[in-house]
Amino acid sequence: MKGIILAGGRGTRLRPITHTGPKQLVPVANKPVLEYAIEDLKDAGITEIGVVLGNLGREAIQQHLGDCSEYGVEITYIIQGNPLGLAHAAGCAREFVGDDDFVMYLGDNILDNGVVELVESFEAGDYAAGIALQRVANPEQFGVADVDENGNVLKLVEKPDDPPSNLALIGMYVFSPAIFDAIETLEPSWRGELEITDAIQSLLQDGHAIDSHVVEGWWKDTGKPEDILEANRLVLETIDDTRNGTIETNAEISGTIDLAESATIESGAVVRGPVSIAEGTTIKSDTYVGPFTSIGKDCEVEHTHIENSVIIGESEVSASGKIVDSLIGRNAQVKSAEGLLPEGRRLVVGENSNLKL
Amino acid sequence: MRIITHTCPDCGTVVAANELEKNRVMKCPRLDCNTVLRFEDLPDSEREHFLEHRDQYQI
Ligand SMILES: [Zn+2]
């Protein structure tokens, strides 16, 4: 079994954060989203991984992953170039995959329970493909599967007006090499892409059995800022308490804290977990860091009340008042305007930013 | 739709035909590989197919 992780896309819904880097490297609980995919594949015993790259973020992703020896996996890069669809991305991996089965994992998705069960379910039968499904309240907004009582897929429908079930396709698949011939038969859809659901539908029409696995834990597509915050919250709920950094006396700490070795919580600061604080970061006195907050490397946070937020890294935050539900990009300065004349807020805001003052 | 790729002989990086055709001659996209890849490295039949159906490979 091999793995392919799709790491293309323009990340337009995550601007301005994605003006300077690919969405797959946005951190959730201080770890880039893409690393969760690699870890999940590794947990399923998959160590040969193809990372499909689009037109943007190629260098950044390669630089981040390096040779991947620290993960214990071997990475092959697959340059898809133009975003011609998920089935095109899979098709580009044909030579890499060879005669193996493979898991296809969307690199901006995070799954609570990984892909082990999906893979085991697929391997338990003679299937051409396996799809991960999740029960949703609004199936008309998803690709939806009609399945029989044994989990065999009968039909797939895209955003149906009259959904045959509430089981939505999420971005995880297992394929046998039969998918490649199915992809060759496809024509681009109305949006100019080769659709993976069309490829699976084509397998069904040719009489292949398709397995499904209903994912019970949470699943998050991290395409938008609010999704990053939600994924950050979900992951922080599961972290271990690792207080490796410095906690000065008279700092008030409670809950689960993931504190990196070179991070400091100064005397007079209040930190209520679950919270993750990365290397080189200092939480100064007179600061409150509340639950579900991740603060990246080399930040200074002072005089601020912050909760349910992600600070990506290398930032200074010292504004008085509360910061909640916020995503703060790298190397940002959020300071107080107090005492400055004329009175008023001072903003240098990038394109596609979103502020509520 | 036929998907055409070329694999770097030195590092195994796979490059889709649209990328090769756009650049004609390019450094392998893998950061630590300096091998030069060319659209002409593809077999004649694949190049002809790509050029005849070029629109399908653009978006
Ligand atoms: Zn190369």
Side-chain angles (χ1 to χ4, degrees), chain A residues 4 8-10 48-68 74-98 179-195 198-199 202, chain B:
Chain A
I4 68 170
R10 289 183 299 161
E48 288 175 78
I49 298 173
V51 175
V52 181
L53 302 172
N55 283 323
L56 292 176
R58 283 180 198 175
E59 286 78 16
I61 287 173
Q62 290 189 54
Q63 264 157 2
H64 182 81
L65 292 179
D67 68 358
C68 261
E74 198 183 301
I75 299 272
T76 298
Y77 292 103
I78 298 163
I79 313 296
Q80 181 189 13
N82 294 338
L84 297 169
L86 299 189
H88 179 264
C92 288
R94 186 170 200 163
E95 207 174 312
F96 163 72
V97 167
I179 194 71
F180 296 120
D181 289 338
I183 291 168
E184 293 257 313
T185 67
L186 301 182
E187 291 299 320
S189 65
W190 60 272
R191 55 176 179 172
E193 297 187 9
L194 293 186
E195 309 287 347
D198 289 347
S202 157
Chain B
M1 178 174 136
R2 189 160 160 192
I3 296 172
I4 300 165
T5 59
H6 178 59
T7 300
C8 171
D10 293 316
C11 73
T13 294
V14 179
V15 183
N18 71 70
E19 187 73 16
L20 287 170
E21 196 265 345
K22 185 169 71 187
N23 297 293
R24 289 284 164 163
V25 179
M26 65 191 284
K27 184 191 119 11
C28 172
R30 183 154 183 143
L31 287 183
D32 55 4
C33 180
N34 289 316
T35 301
V36 173
L37 307 178
R38 295 179 172 84
F39 185 61
E40 279 66 37
D41 293 338
L42 292 170
D44 290 350
S45 63
E46 296 198 334
R47 261 185 295 156
E48 275 163 27
H49 180 91
F50 181 89
L51 294 171
E52 272 168 35
H53 302 88
R54 202 171 169 280
D55 285 357
Q56 281 192 332
Y57 299 95
Q58 314 302 319
I59 196 150

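Chain letters run A, B, ... following the sequence lines, proteins first, then strands; residues in each count from 1. Just so we're clear, the structure is a prediction, and the values are computed from it rather than from any experiment.
Heavy atoms closer than 4.5 Å to chain B are found in the backbone of A:A87, but not in its side chain. Neither the backbone nor the side chain of A:R94 comes within contact range of chain B; no heavy atom of the residue lies under 4.5 Å from a heavy atom of that chain. Of the atoms belonging to A:L194, it is side-chain heavy atoms, and not backbone ones, that fall under 4.5 Å from chain B.
Heavy atoms only, all atoms of each residue included: A:Q62 and B:P29 are closest at NE2-O, 2.9 Å.
Note that the CD atom of B:Q58 and the CG atom of A:L84 stand 8.0 Å from one another [nearest 0.5 Å]. A distance of 7.0 Å separates CD of B:E19 from CD1 of A:I79, quoted to the nearest 0.5 Å. Between the OG1 atom in A:T76 and the CZ atom in B:R30 there is a gap of 7.0 Å [rounded to 0.5 Å]. In this structure, CG in B:D32 is found 11.0 Å from CD in A:Q63, a value given to the nearest 0.5 Å. To the nearest 0.5 Å, the span separating NE2 on A:H88 from CG on B:N18 amounts to 5.5 Å.
Put simply, of B:L31, B:L20, B:V15, the one with the most heavy-atom pairs under 4.5 Å next to chain A is B:L31. Chain B forms the most heavy-atom pairs under 4.5 Å with one residue out of A:E187, A:E95, A:E193, and that residue is A:E95.
Within 6.0 Å of CD in B:E46 there are more than 12 heavy atoms belonging to other residues, nucleotides or ligands.
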Step-by-step side-chain contact (heavy atoms from CB on, under 4.5 Å) determination, A:E184 to B:R2:
CA-CA 5 Å; A:E184 293 257 313; B:R2 189 160 160 192; 4.2 Å; yes

